[in-house]
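To start, the structure under review is shown below, and the notes come after it.
Everything numeric in this text was worked out from a predicted model, so none of it was measured.
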There are 4 protein chains.
Amino acid sequence: MESTENEPAPAARRHHGNRHRRSEEARISVLQAVDGLLVEIGYARLTIEGIAQRAGVSKQTIYRWWSSKDELLMDAFSKDASDWMIPSDTGRLRDDLRAHAQRVAEFMANSDAGAVFRALLAQAQHDGDLAERLRSEFLVEQKTYERLPLEAALQRGELPQNADPDLLAAQVFGPIYYRVLVSGETVTPAFIDALVDLTLANTVASGSRPGS
Amino acid sequence: MESTENEPAPAARRHHGNRHRRSEEARISVLQAVDGLLVEIGYARLTIEGIAQRAGVSKQTIYRWWSSKDELLMDAFSKDASDWMIPSDTGRLRDDLRAHAQRVAEFMANSDAGAVFRALLAQAQHDGDLAERLRSEFLVEQKTYERLPLEAALQRGELPQNADPDLLAAQVFGPIYYRVLVSGETVTPAFIDALVDLTLANTVASGSRPGS
Amino acid sequence: MESTENEPAPAARRHHGNRHRRSEEARISVLQAVDGLLVEIGYARLTIEGIAQRAGVSKQTIYRWWSSKDELLMDAFSKDASDWMIPSDTGRLRDDLRAHAQRVAEFMANSDAGAVFRALLAQAQHDGDLAERLRSEFLVEQKTYERLPLEAALQRGELPQNADPDLLAAQVFGPIYYRVLVSGETVTPAFIDALVDLTLANTVASGSRPGS
Amino acid sequence: MESTENEPAPAARRHHGNRHRRSEEARISVLQAVDGLLVEIGYARLTIEGIAQRAGVSKQTIYRWWSSKDELLMDAFSKDASDWMIPSDTGRLRDDLRAHAQRVAEFMANSDAGAVFRALLAQAQHDGDLAERLRSEFLVEQKTYERLPLEAALQRGELPQNADPDLLAAQVFGPIYYRVLVSGETVTPAFIDALVDLTLANTVASGSRPGS
DNA sequence: GGGTAAGCGAGACGGTACGTCGTGTCTTCGC
DNA sequence: GCGAAGACACGACGTACCGTCTCGCTTACCC
């Protein structure tokens, strides 16, 4: 993993032709400190000073490269999130949907990256900029992948022409997000199976009788 | 100095009426201050000192009765939340479901109480105790009401015997919560209609024969 | 327990002919609490709330009868101070002066009442009213007693006519106060003897040669 | 500025391994604020917050460099006290003693520095550490200077060999401290003259033959 | 001998200041 | 010229007492 790829900030690259450049070592150790502290003490007690100390870095260095705690979390999150997004493609809609739903549930509820995501989402409730960034950098793509099995099936003719992949994806994944973020219920495989089955039964039924 | 006992002059009553027990006046004005400030400056900039000042109350009084900012929000929320929960009951499932879904969407996305709710839910992501309290004091009941139209329909025979109201409610309301809390998309009436239609089409189609 | 003997305060006795009267029990236990707390935790950490709690009395009761912490201390002090003031009178100036100086030194440096006195004197540095009260209720009398052996000796002809008892007392007692209050040196009998001897030698010498 | 290890500033530098320098500007303005506030509102109403505000400094900065209000006062006092201590030396004991006694009385009763000193001495009654510091940093030196004219006279042979400068100084200065700190009487030139005359008359008379 | 008013405990109240923590900015100096 | 170290002004924290104010109880006087 050549880690300049997660470095899109142009300001950080301004020093390109200079003698001195950003310390990659510092950057890495900050992001690791964030990961570690998030797990150990939780978001609520995460402080810039704590991160700096843990990373063996000065506060100034953090402020130089990240404009806020949330942006720092975004970076720490991006580092890990992509692993979870891409659905399998077996050619069987029901299986692909179940597998990806299971994967998303696992990510959201049990992974470290998911914990960071929930923390970011929580912050995003009071911070429109963060919300926007979270959406454009993660959710848009995430949603695309959630729709992917359905669109593939649509292309294959496994779903009726007038089926709406967006809506169907919403009915499969919405309840999963709800359980993790809101009700705190565990997302069991049985629940996922029921969701997928009902959704597909529905689609076939309504898709075949569009006039109803 | 023998006449200090009774205050005949009503004009001299500058002091808030303190009972030996808790001052209801103080309690009310604190909760109102929380409501007002949440709307005006948002959760992120809400401080105990600000609330105390706005309410004309000492910090100590707040700390005496509420153990944390979140508990205070919880109380302020309880005060307003109940208005939104109860679904109408026209006897027609589709109408009732649409109406209640619309109502929930409105509450979540646009009401003051909904703003408090989102703030609490955000905090609950890092605070298990708050999460538990939020669930037991609000979400359990809220969920019951979301299921109500479906259970009524089940009793009326408008739904097949083997339909699962819980699951159906999840497929209607889950996507609504998702849009408000996660993706930030507006919840349009058309979206709600589509959700309800799809959910009911399915149930009727798969759960029992449409002709019955 | 009708302990009216330590009750000189006329305000407290005002209720004599009334139906209702001050609780002597409360008064005593407050003053005892002050004494105890002063010794145990020192003046700096003495609080009205602490006194009330220790005395098993409500704050209001304290505020009802004493207008300030210092006034309370004054009362606690008056209770004990008088024991130390009166000098012996053997008819021999040197002996009487030594004995009383020793007594005053003991009071100031080592007695409980002396500790209260030092605390009051400290407060009096920033509180003119207290200073005035301390002077009129204690120091005037105390100074009279310090002068007493010298004045008696003057009457007896043991001192020259033009000797100034005030000035002589100042030279004997001033250095004692200085050691206790300022330098913290212990006031030894040897120091007292030297002071008295020098003062008397001086007086005889200068008193006999008034023209010098 | 090539070496941080040597501080040209007269104030003590206690942060050893620290390569970052204390803001001299902040230090000065804090001490000036203390001086100003003491005079304007008095010790009793002096608060750290008030000092910080007046100095344009954060509370944290005060707490960083001074461990208590008293230590802060101690510093503010040291700044000004030394002006008052050194006695003149005309070679005539009576004149020197009178002049220095007058100077000390002026310092104690009427100067700003004296007001700080009285406040510190008051605090020192309930705080042994402060008492010790006040003694070692001020009183020892002060006492030396009070003795100086007497010791010079002793050396010159103006006093008998067996005269005790310590005791003599105590009899001159003790009563002055007493009047300022305890009785509140003003220290008049006449009082000082009387003290000095009486003290010297004695010594000359008893210690050696007046004719010498 | 019942009514009633003062003293009392308890403690909530609006405040002020405390001493601490974390923020984001700034400066110094080592590499 | 980046980066560590950390001082700085600022703002909020949660706590301790302040002095004021009911409240409900007890008690002792007076009618």
Side-chain angles (χ1 to χ4, degrees), chain A residues 15 18-23 25-26 45-50 52-53 55-65 67-69, chain B residues 2 4-7 13-23 25-27 45-50 52-53 55-65 67-69, chain C residues 15 17-23 25-27 45-50 52-53 55-65 67-69, chain D residues 1-2 4 15 17-23 25-26 45-50 52-53 55-65 67-69:
Chain A
H15 303 281
N18 288 358
R19 276 185 288 171
H20 308 286
R21 65 176 199 285
R22 173 173 187 179
S23 160
E25 194 181 351
R45 296 165 57 201
L46 195 66
T47 66
I48 298 281
E49 291 200 332
Q53 187 154 9
V57 140
S58 80
K59 281 199 299 176
Q60 185 57 40
T61 299
I62 294 180
Y63 284 110
R64 179 141 42 220
W65 301 111
S67 67
S68 70
K69 203 165 73 176
Chain B
E2 60 283 3
T4 50
E5 68 148 275
N6 238 343
E7 285 289 355
R13 275 268 163 264
R14 283 204 318 274
H15 297 277
H16 312 281
N18 305 337
R19 328 229 158 348
H20 186 196
R21 289 300 173 201
R22 174 174 188 175
S23 158
E25 194 181 351
R27 193 185 131 264
R45 297 165 59 200
L46 195 65
T47 66
I48 298 282
E49 286 196 337
Q53 188 155 7
V57 140
S58 80
K59 280 201 292 178
Q60 189 59 59
T61 295
I62 295 181
Y63 285 110
R64 184 154 30 226
W65 300 111
S67 66
S68 70
K69 204 165 73 176
Chain C
H15 302 281
N18 288 356
R19 278 184 285 175
H20 308 286
R21 69 175 199 279
R22 175 175 187 178
S23 159
E25 195 181 352
R27 192 186 136 268
R45 296 164 57 202
L46 195 66
T47 66
I48 297 282
E49 291 200 333
Q53 187 154 8
V57 140
S58 80
K59 282 200 297 177
Q60 184 58 34
T61 297
I62 294 181
Y63 284 110
R64 180 149 35 226
W65 300 110
S67 66
S68 70
K69 202 165 73 176
Chain D
M1 186 172 303
E2 59 288 357
T4 51
H15 37 299
N18 202 340
R19 70 175 188 270
H20 304 282
R21 288 175 51 241
R22 172 176 189 177
S23 159
E25 194 180 351
R45 296 165 58 200
L46 196 65
T47 67
I48 298 283
E49 285 195 337
Q53 186 155 8
V57 140
S58 78
K59 279 199 295 178
Q60 188 61 60
T61 295
I62 295 181
Y63 285 111
R64 182 150 36 226
W65 300 111
S67 66
S68 69
K69 204 164 73 175

Between Ala26(C) and Thr61(B), which residue's closest nucleotide on DNA chain E lies nearer the 5′ terminus?
Ala26(C)
Quick check: on DNA chain E, is the nucleotide nearest Arg27(B) upstream (toward 5') of the one nearest Ser68(A), or the reverse? Name the residue that is more 5'.
Arg27(B)
Can you measure from CH2 (Trp65(D)) to CZ (Arg22(D)) and round to the nearest 0.5 angstrom?
5.5 Å
Which comes earlier along DNA chain F counting from the 5' end, the contact point of Ala55(D) or that of Glu49(D), where each point is its nearest nucleotide?
Ala55(D)
Just how large is the angle between the end axes of the helix from dG1(E)-dC31(F) to dC31(E)-dG1(F), five pairs per end, to 10 degrees?
10°
Taking NZ from Lys69(B) and C1' from dC13(F), how many angstroms apart are they, rounded to a whole number?
10 Å
Using a cut-off of 4.0 Å on non-hydrogen atoms, how would the nucleic acid contact of Gly56(A) be classed: base, sugar-phosphate, or nothing?
sugar-phosphate
Kindly say if Thr47(B) contacts the phosphate of dG11(F), meaning a side-chain N or O under 4.0 Å from OP1 or OP2.
no
What is the separation between atom CZ on Arg45(B) and atom P on dC13(F), rounded to the nearest whole Å?
14 Å
Out of dG14(F), dT20(F), dA9(F), which has the shortest distance to the side chain of Tyr63(B)?
dG14(F)
Using a cut-off of less than 4.0 Å, is there contact between a side-chain N or O of Trp65(A) and OP1 or OP2 of dC2(F)?
no
Do you know the tightest heavy-atom contact between Ile48(A) and Ile62(A)?
O-CD1, 4.0 Å
Measure the spacing between OG1 of Thr47(D) and NZ of Lys59(D) and express it to the nearest 0.5 Å.
9.0 Å
Gap between atoms CD1 and C1', on Ile62(C) and dG9(E) respectively (whole Å)
12 Å
Looking at every heavy atom in both Ala52(D) and Ser58(D), which two are closest together, and how far apart are they?
CB-C, 4.1 Å
On DNA chain F, compare the nucleotides closest to Gln60(B) and Lys59(D); which residue's is nearer the 5' end?
Lys59(D)
Rounded to whole Å, please give me the gap between CD in Gln53(B) and P in dG15(E).
9 Å
Within a radius of less than 6.0 Å around CZ of Arg64(D), do more than 12 heavy atoms belonging to other residues, nucleotides or ligands occur?
yes
For a quick test of reading the model: is some side-chain N or O of Arg64(C) closer than 4.0 Å to OP1 or OP2 of dG7(E)?
no
Over how many whole Å does the gap from Ile48(C) atom CD1 to dG9(E) atom P extend?
14 Å
Is any side-chain N or O of Ser58(D) closer than 4.0 Å to OP1 or OP2 of dG11(F)?
no
